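Along the sequence shown, the residues carry numbers beginning at 1. These numbers were taken from a predicted model, which means no experiment stands behind them.
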Amino acid sequence: MIETPSLVDQYCHGVLRTELGLGTFETQLARTEGPPAPGTTLFDTQTGFAVRRWCPPLLGLEPHCLPARYLARRRELGVLEAGRRLLRGSGITTYLVDTGLPGDLTGPTELASTAAAEAREIVRLELLAEQVADTSGTVESFLANLAESVHGAAASAVAFTSVAGVRHGLALAPEPPGPGEVRGAAGRWLAGRRVGGELSDPVLLRHLLWIAAASGLPLQLHAGLGEPGLRIDRTDPVLLTDFVRATAGLGTDLVLLHSYPYHRHAAHLAGVFPHVYADSGAALVRTGARAATVLAEILELAPFGKIVFSSGAHSLPELHVVGARLFREALARVLGGWVAEGAWSLADAQRVAGLIAAGNARRVYGLE
């Protein structure tokens, strides 16, 4: 039996504080541009079935109970008690929380209290830049305040994360933009921007990445599937190869988040470049009963000391549970199978499981 008693969730978000009805709950299960097929619900997905498998027992129900029964029990307990039971039943002992999503979500401190776990903040670069732009009157003050804000955030955050791939695509020029190029891009963006406007300018996105890379904190880069309508051909992590090569030797680790369906490409980059790590996160949540196959494909190429676990969860505590349970089950199935075949020893399998579940993340993010 392969055991992973402690999990470090190296990338997730907080959970909603509000009670949800059936329709609003379902919308959090799958990121889609429209309704499900007629006669079905968004529970009819790998993620939805995984929620029905793993979450009801934590609320005192039988596995695979109908969604209406599950949500009635959830409302009966109340959002706070249901969240407490779910998070504490996930087996996650440390959460690294991206606080950059909009909505009424719990922050690291509240999440840690609810889950009886530790939590640290991950700072989203684009949101930080947007907040600086809201309070900066000129291009010069914006650029100075931006550099100061990134430096200040590095003092308390555990990592930076970037959604440049979501906002523009990962085929960015690899080198840092020059000062004149940055000033010009900042001027154009600020002149046409309203308060709260999103940053998608490729020059400023590159500028942010290089400021963060100079901080020495790990830099997480979103790749693969993401927001509805996203052109995923623009988020293949292989498009980052030149940037990865350009940042070698700076002392900053790069963590390729999610990456599915390009998880093999992320694993390849982690195998080639010493400062690159592959995340096994949302790929497993999306693939549900097929999670072991996806994890095995990551293990084909990435060194075992270069793979990190995350749930990638947002809004629903159920997604933290599903991320953790699917990971544990997939890891036990894959590594246990290799032990049974005689390809691995049980001692080696247990050591590798500990690295992927928590040890690698503790090392990368300085959590020891």
Side-chain angles (χ1 to χ4, degrees), residues 2 4 7 9 11-13 15-16 19-77 79 82-83 85-92 224-228 232 258-261 263 279-298 309-337 357:
I2 309 300
T4 50
L7 293 180
D9 188 346
Y11 183 82
C12 67
H13 301 276
V15 299
L16 287 166
E19 193 63 75
L20 301 176
L22 178 60
T24 49
F25 185 95
E26 281 185 47
T27 61
Q28 304 298 330
L29 293 177
R31 296 184 180 184
T32 176
E33 290 190 54
T40 71
T41 77
L42 292 176
F43 271 97
D44 292 327
T45 60
Q46 288 283 5
T47 303
F49 271 41
V51 167
R52 291 177 55 208
R53 163 64 182 91
W54 295 111
C55 296
L58 295 176
L59 302 188
L61 300 172
E62 69 282 0
H64 309 294
C65 71
L66 293 177
R69 175 75 181 100
Y70 177 76
L71 292 178
R73 175 59 173 164
R74 203 178 189 272
R75 288 192 296 272
E76 178 185 326
L77 290 170
V79 65
R85 293 190 184 194
L86 290 163
L87 291 173
R88 294 187 182 192
S90 70
I92 297 169
L225 294 176
E227 300 299 322
I232 66 167
H258 314 325
S259 296
Y260 187 79
H263 49 289
D279 168 45
S280 64
L284 305 189
V285 176
R286 286 180 180 271
T287 51
R290 294 281 292 171
T293 300
V294 174
L295 182 60
E297 289 171 348
I298 296 172
F309 158 73
S310 79
S311 68
H314 63 91
S315 304
L316 301 179
E318 284 83 356
L319 297 179
H320 295 83
V321 172
V322 165
R325 295 298 180 95
L326 287 174
F327 169 75
R328 278 196 166 102
E329 179 125 316
L331 195 65
R333 188 179 302 176
V334 173
L335 301 189

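Here CG of Leu61 is found 8.0 Å from OH of Tyr70. Values are rounded to the nearest 0.5 Å. Here CG of Leu319 is found 12.0 Å from OG of Ser90. Values are rounded to the nearest 0.5 Å. Rounding to the nearest 0.5 Å places CG of Leu58 at 9.5 Å from CD of Glu318. Rounding to the nearest 0.5 Å gives a distance of 8.5 Å between OG of Ser280 and CG of Leu331. Here CG of Asp44 is found 10.5 Å from CG of Leu29. Values are rounded to the nearest 0.5 Å. We find the CG-CG distance between Asp9 and Leu87 to be 10.0 Å, quoted to the nearest 0.5 Å.
Applying the side chain to side chain donor-acceptor pair (under 3.5 Å) test to every pair with at least one member in residues 49-60, sequence neighbours left out, gives no pairs at all. For residues 22-52, the ring-ring contact (aromatic ring centres under 6.0 Å, His included) pairs, not counting sequence neighbours, are Phe25-Phe43.
The minimum heavy-atom distance linking Asp279 with Ser310 is given by the pair OD1-OG, 2.9 Å. Taking every heavy atom of both residues into account, Cys12 and Ser311 meet most closely at CB-OG, 3.7 Å. For the pair Gly224 and Ile232, the tightest heavy-atom approach, listed with the atom from each and the gap, is O-CG2, 4.2 Å. Here the shortest heavy-atom pairing between Pro36 and Leu42 reads CB-CD2, 3.9 Å. The nearest pair of heavy atoms linking Ala82 to Leu77 is N-CB, 4.3 Å. Looking at every heavy atom in both residues, Val334 comes nearest to Ala292 through CG2-O, 3.3 Å.
With sequence neighbours excluded, the residues satisfying side chain to side chain contact (heavy atoms under 4.5 Å, CB included) with Ala332 are Ile2. Partners of Glu26 under the salt bridge (charged side-chain N to carboxylate O under 4.0 Å, His left out) rule, at least two apart in sequence or in another chain, do not exist in this structure. In terms of the side chain to side chain contact (heavy atoms under 4.5 Å, CB included) criterion, residue partners of Glu19 (sequence neighbours excluded) are, by chain and number, Arg74, Arg75, Val79. Residues satisfying the salt bridge (charged side-chain N to carboxylate O under 4.0 Å, His left out) test with Arg85, not counting sequence neighbours, are Glu81.
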Taking it one step at a time, do Thr287 and Thr293 satisfy side-chain contact (heavy atoms from CB on, under 4.5 Å)? CA-CA 9 Å; Thr287 51; Thr293 300; over 6 Å; no
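The neighbour count for Tyr260 OH, taken as heavy atoms of other residues, nucleotides or ligands under 6.0 Å away, does not exceed 12.
Note on Arg333 versus Glu329: salt bridge recorded, some NZ/NE/NH1/NH2 to OD/OE distance being below 4.0 Å.
Val294 is not listed as a side-chain neighbour of Arg286, based on a closest heavy-atom distance of 4.5 Å or more. A heavy-atom distance below 4.5 Å is found between the side chains of Cys55 and Val322. With a 4.5 Å cut-off on side-chain heavy atoms, Leu20 and Leu316 count as touching.
Distance alone, capped at 3.5 Å, is enough to place a donor-acceptor pair between the Arg328 side chain and the Thr4 backbone. Distance alone, capped at 3.5 Å, places no donor-acceptor pair between the Ser315 side chain and the Leu16 backbone.
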